[in-house]
Amino acid sequence: MSDGDFFHEGRVAELRKAFDQTFVFPPREQEGVYADLLAVDVGGDPYAVPLLGLSGLYSGCRIALVPGPVPELIGVAGIRGSAVPVYGLRQFLGYPDAAPSGWLVVSKESPRAGFSFDGFRAYARVAAADVVPSSEGGGARPYLCSAARIDGVAIPVLDVPILLDEIARKARAASNSK
């Protein structure tokens with residue numbers, strides 16, 4: 001046996017022991033897991049929208065007002081060559097109606113929908129542990145099922161897929177009542 005073989009066998013044993021040791025201790029919590037959020041303003045109050053469910057953030061959008069079966073429907077906007085229905089977050093959250101500001105987030109999910117809000121505050125990346133379940137989820141506003149701590153303040157998080165489900169539910173109820 002040469003010195004090189006002895007060194008090689010020792011190194012293999014060392015690596016095997018290090019590998020086996022990884023199973024001795026419980027797994028560490030994932031480090032660096034984040035939630036990317038847009039902080040927006042609705043009726044003077046802060047809310048957050050996860051970036052994960054969005055295809056875009058737009059400002060200066062013109063919204064053609066149209067009636068519809070869902071009371072929160074404001075109208076339609078042209079987004080990247082497509083007509084996208086726009087729903088008012090003011091209406092979903094129980095604020096008085098106001099003229100749309102032109103600020104929109106558009107869902108990634110199909111069917112796509114835009115959600116109008118009053119103003120853009122900031123982009124925030126927070127630790128996933130700083131997004132916690134909210135007491136409001138499951139009640140009259142199920143789309144507010146979590147809150148995020150941004151700059152030390154707990155801000156309600158709007159769940160876009162649940163908003164889309166709520167729109168579909170309201171549209172079905174409206175068509176069944178006719």
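Excluded from the calculations below are hydrogen atoms, water molecules and symmetry mates; all remaining heavy atoms, backbone and side chain alike, are included. For the single chain, residues carry numbers from 1 onward in sequence order.
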List in chain and number order the residues that pass side chain to side chain contact (heavy atoms under 4.5 Å, CB included) with Leu52, two or more places apart in sequence or in another chain; answer none if no residue qualifies. none
Kindly give the heavy-atom pair with the smallest separation between [X] and [Y], and that separation in Å.
X: Ala113; Y: Leu164; answer: CB-CD2, 3.7 Å
X: Gly114; Y: Val84; answer: N-CG1, 3.4 Å
X: Arg121; Y: Gly44; answer: NH2-O, 3.6 Å
X: Val160; Y: Gly53; answer: CG1-O, 4.3 Å
X: Val131; Y: Ala148; answer: CG2-CB, 4.0 Å
X: Pro85; Y: Leu73; answer: CB-CD1, 4.0 Å

Does a side-chain heavy-atom distance below 4.5 Å link [X] with [Y]?
X: Trp103; Y: Leu57; answer: yes
X: Val86; Y: Pro100; answer: no
X: Val106; Y: Leu54; answer: no
X: Lys170; Y: Glu72; answer: yes

Do side-chain atoms of Arg141 reach the backbone of Phe92 as a donor and acceptor pair under 3.5 angstrom? no
Per the side-chain hydrogen bond (donor to acceptor under 3.5 Å, both in side chains) rule, what does the pair list look like for residues 83-96, sequence neighbours excluded? Asp45-Tyr95, Tyr47-Tyr95, Arg90-Asp118, Gln91-Asp97
Verify the cluster assignment for [X] and [Y]: are they in a single hydrophobic cluster under the rule of side-chain heavy atoms below 4.5 Å apart?
X: Tyr58; Y: Leu38; result: no
X: Val49; Y: Leu93; result: yes
X: Ile79; Y: Ile74; result: yes
X: Ile155; Y: Val126; result: yes

For a side-chain contact (heavy atoms from CB on, under 4.5 Å) check, start with the C-alpha distance between Phe115 and Val42, then their side-chain angles and the critical distance, and finish with the verdict. CA-CA 11 Å; Phe115 296 95; Val42 179; over 6 Å; no
Return the [atom1] to [atom2] distance between [X] and [Y], rounded to the nearest 0.5 Å.
X: Tyr123; Y: Asp36; atom1: OH; atom2: CG; answer: 3.5 Å
X: Ser146; Y: Asp130; atom1: OG; atom2: CG; answer: 12.0 Å
X: Glu166; Y: Asp159; atom1: CD; atom2: CG; answer: 11.5 Å
X: Arg112; Y: Ser55; atom1: CZ; atom2: OG; answer: 4.5 Å

How far apart are the C-alpha atoms of Leu144 and Leu158, what are their side-chain angles, what is the distance that settles it, and do they pass the side-chain contact (heavy atoms from CB on, under 4.5 Å) test? CA-CA 5 Å; Leu144 291 176; Leu158 292 155; 3.5 Å; yes
Test applied, side chain to side chain contact (heavy atoms under 4.5 Å, CB included); reference residue, Tyr143; option that passes from Val157, Ile162, Leu89: Ile162
